[in-house]
Amino acid sequence: MLSPTTVFPRNPKPSKLASNTTGPRCRATPSGDAAFCAFRAHHRAGRSLDANPSLIPALVACARLPAEAEAEAEQIHALLVKCGGAVSDVHAWTSLVRAYARLGRVYNARKAFDGMPNRTVVSWNVLLDALVKSGNLDAAWEVFVEMPQRNVVSWNTIISGFARLGWAQEAVDLFVEMTVVYGLAPDEATMVGFISAVRDIGLLGLGRCAHGYVLRRELLLDGALGVALINMYTRCGSMGAAHSCFSSVSNKNVEHWTSVITGFAAHGPQDMALSLFGEMRQLGIEPNGVTFVAVLNACSHGGLVSEGFRYFSLMKSMGIKPTIQHYGCLVDLLGRAGFLVEALNLASNLPKDPGFVIWSSLLAACRSHGNVEMAELAASKLADAKPSHGSSYVLLSNTYARAKQWEDLKMTRRRMEEHGVSKKPGLAGSR
DNA sequence: GTAGGGTTAG
């Protein structure tokens, strides 16, 4: 850690923000935030932390820019440690807990919280959020139960936490408890968490009810709420509802567009996905890497091989770095279209480990194009990547069945039993 | 001057 007396790093270019600050002249820090500058100026002028009017803004900046503000955050951290419990203001303490949390120092956040002279429901909510964000749902739940008061924000934090970390049913139950037992009115953020949970369970009817509530309350679809609703409908395969919901969003951002494009890419018509992508670009909305996953997926499901590679080049020319998902789409694109050798070539020469999704995509392509030899290769790669993956055996035996290789089929079934792999039918699938 | 939300390859 840096010592409290280390000088803040200097930036050769003074920022616009810095010239607006009062107090002694100073230059902007590399993070470009005037708050640190002002904080440092007051510190240099000999003010104690408690009397530094820029303490909270500086801590807020640490929380907002955790990556860029690391040096600044470390120094404020050091100053706070040195001053012990000198800071008495509950807002400053709360900002400190949040700054630690956003910097990934959950232990420090907890320590600071424990040392607070007094707490408000906001302080509790900050701690709760810190624990949820760190993925420690057990600790978060303990805090939620222990809190002296809870408000809508507390409920939203725990509900969205459960939903995000894969506990959708629990999130739905908590939503019911909040609304029915405690009589609290859900707001935008509550509905986002609830609708995401409903989406994961696939409860379209409950999703429609949630949409109805959103309309009655006239909640804004501009932000995350619109995205959550569109996504819920697309995952349930209700593309008509997804599209009309998308159309009703007044200020569409890249995530609204990406959600609806993802839906048409998966469920068709795929040219709808591509024309929406064109429309989006004409409106000047910048696609991101996720948008291109959807676009490539549309090409793959629509059998548009050369278009897919054109979009892939376009993506790179826009400065977006391809990820394993993009390569996965390309392998799928080639494989589905019957270019099995090219697909295998691409899969074998990826910068990263292809992972089980790519091998199972290739295996599925081998099955539908009847290439037994390559199917065996893909199946063995898939078994290496994910030994318990039942679909590997199923796809392979389907391939043998198509090729009428009954002995190989029997052997595969036997191996499946030996490994204790079973394929659960229908809804209770591998997810 | 302190709190909560969303899109990703089979």
Side-chain angles (χ1 to χ4, degrees), chain A residues 35 53-60 63 89-99 101 116 119-130 132-133 151-161 163-164 186-196 199 219-232 234-235 253-263 265-266 287-297 300-301 322-333 335-336 354-365 378 382 386 389 391-392 395 429-431:
Chain A
S54 297
L55 175 62
I56 292 177
L59 289 170
V60 169
D89 182 75
V90 68
H91 286 186
W93 275 98
T94 305
S95 304
L96 170 67
V97 176
R98 184 160 179 269
M116 286 178 81
R119 305 171 181 117
T120 64
V121 66
V122 178
S123 330
W124 282 93
N125 285 345
V126 167
L127 178 68
L128 183 64
D129 180 59
V132 166
K133 292 271 158 64
N151 61 14
V152 177
V153 175
S154 328
W155 284 95
N156 294 351
T157 306
I158 197 81
I159 289 173
S160 67
R164 254 202 326 270
D187 65 7
E188 276 97 347
T190 326
M191 295 312 286
V192 171
F194 176 63
I195 291 167
S196 313
R199 170 203 65 193
L219 299 179
L220 269 183
L221 300 185
D222 284 9
L225 183 52
V227 177
L229 269 173
I230 297 164
N231 194 237
M232 183 274 294
T234 62
R235 292 272 197 98
N253 65 26
V254 61
E255 290 183 342
H256 295 105
W257 285 94
T258 302
S259 265
V260 77
I261 293 171
T262 299
N288 60 27
V290 183
T291 319
F292 275 102
V293 170
V295 168
L296 295 177
N297 202 226
S300 135
H301 289 167
T323 65
I324 195 71
Q325 284 96 333
H326 300 109
Y327 290 116
C329 289
L330 292 183
V331 172
D332 194 56
L333 176 73
R336 272 178 204 264
F356 80 97
V357 175
I358 287 184
W359 292 122
S360 69
S361 149
L362 192 61
L363 177 52
L382 180 51
K386 195 166 179 167
H389 205 244
S391 72
S392 139
L395 284 168
S430 55
R431 252 187 228 270

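So you know, we letter chains A, B, ... as the sequences are listed, proteins then strands, and number each from 1. No experiment lies behind these values; they were computed from the predicted model shown.
Across all strands shown, A:Val152 has heavy atoms under 4.0 Å from base atoms, whether or not it also approaches the sugar-phosphate. A:Val357 comes within contact range of at least one nucleobase, with a heavy-atom separation under 4.0 Å. Base contact: A:Ile358 has a heavy atom under 4.0 Å from a base atom. A:Leu225 comes within contact range of at least one nucleobase, with a heavy-atom separation under 4.0 Å. Nucleic acid contact class of A:Leu128 (heavy atoms, under 4.0 Å, all strands): none. Within the 4.0 angstrom heavy-atom criterion, no nucleotide atom of any strand lies near A:Gly161.
Whole-Å rounding puts the A:Gln325 CD to B:dT7 P distance at 13 Å. Note: CG (A:Asn253) to P (B:dG5) measures 16 Å, nearest angstrom. In this structure, the CZ atom of A:Arg164 is 8 Å from the C1' atom of B:dG5, given to the nearest Å. Between A:Asp187 atom CG and B:dG5 atom C1' there is a gap of 9 Å when expressed in whole angstrom units. The CD1 atom of A:Ile230 sits 10 Å away from the C1' atom of B:dG6 (whole-angstrom rounding). Atom-to-atom, CD1 of A:Ile159 to P of B:dG5 comes out at 13 Å; the value is rounded to the nearest Å. Rounding to whole angstrom units, CG of residue A:Asp89 and C1' of B:dG1 are separated by 8 Å. As a whole-Å value, the separation of A:Ile195 CD1 from B:dT7 P is 12 Å.
If you check the side chains of A:Asn297 and A:Asp332, you find no donor sitting under 3.5 Å from an acceptor. Defined by atom type and a distance below 3.5 Å, a donor-acceptor pair is present between the side-chain atoms of A:Thr323 and A:His326. Donor-acceptor pairing under 3.5 Å is recorded for the side chains of A:Thr120 and A:Ser123.
Remark: A:Asn288 engages A:Thr291 in a side chain to side chain donor-acceptor pair (under 3.5 Å) (not counting sequence neighbours).
The side chain of A:Ile56 has B:dT2 as its nearest neighbour among B:dT2, B:dA9, B:dT7. Among B:dG6, B:dG10, B:dA3, the nucleotide with an atom closest to any side-chain atom of A:Val122 is B:dA3. The side chain of A:His256 sits closest to B:dG6 out of B:dG6, B:dA3, B:dT7. Taking every side-chain heavy atom of A:Ser259 into account, B:dT7 is the closest of B:dG10, B:dT7, B:dT2. Taking every side-chain heavy atom of A:Asn231 into account, B:dT8 is the closest of B:dG10, B:dT8, B:dA9. Comparing B:dT8, B:dT2, B:dG10 by their nearest atom to the side chain of A:His301 picks out B:dG10. Of the candidate nucleotides B:dG1, B:dA3, B:dT7, B:dA3 has the atom lying nearest to any side-chain atom of A:Val153. The side chain of A:Ala189 lies closest to B:dG5, out of B:dT2, B:dG6, B:dG5.
Between A:Arg98 and B:dA3 there is a side-chain N or O to OP1 or OP2 distance below 4.0 Å. Within the 4.0 Å cut-off from OP1 or OP2 of B:dA9, not a single side-chain nitrogen or oxygen of A:Arg336 is found. Residue A:Arg119 places no side-chain N or O under 4.0 Å from the OP1 or OP2 atom of B:dT2. An OP1 or OP2 oxygen of B:dG5 is reached within less than 4.0 angstrom by a side-chain nitrogen or oxygen of A:Lys133. Under 4.0 angstrom from either OP1 or OP2 of B:dA3 there lies no side-chain N or O belonging to A:His91. Side-chain nitrogen and oxygen atoms of A:Arg199 include none within less than 4.0 Å of the OP1 or OP2 phosphate oxygen of B:dG6. When the side-chain nitrogen and oxygen atoms of A:Asn297 are compared with OP1 and OP2 of B:dG10, one or more of them lie within a distance under 4.0 Å.
Listed by residue number, the members of residues 287-295 of chain A with any heavy atom below 4.0 angstrom from DNA chain B are A:Asn288, A:Val290, A:Val293.
Listed by first and then second residue, the salt bridge (Lys or Arg N to Asp or Glu O under 4.0 Å) pairs involving residues 354-364 of chain A amount to none (not counting sequence neighbours).
The heavy-atom pair separating A:Asp222 from A:His256 by the smallest distance is O-CE1, 2.6 Å. A:Ser154 approaches A:Asn125 most closely through the heavy-atom pair OG-OD1, 2.7 Å. Across all their heavy atoms, A:Ala294 and A:Ala265 have their closest contact at O-CB, 3.3 Å. Between A:Thr94 and A:Val126, the shortest heavy-atom contact is CG2-CG2, 3.7 Å.
Between the side chain of A:Thr94 and the base of B:dT2, at least one donor-acceptor pair of N or O atoms lies under 3.5 Å.
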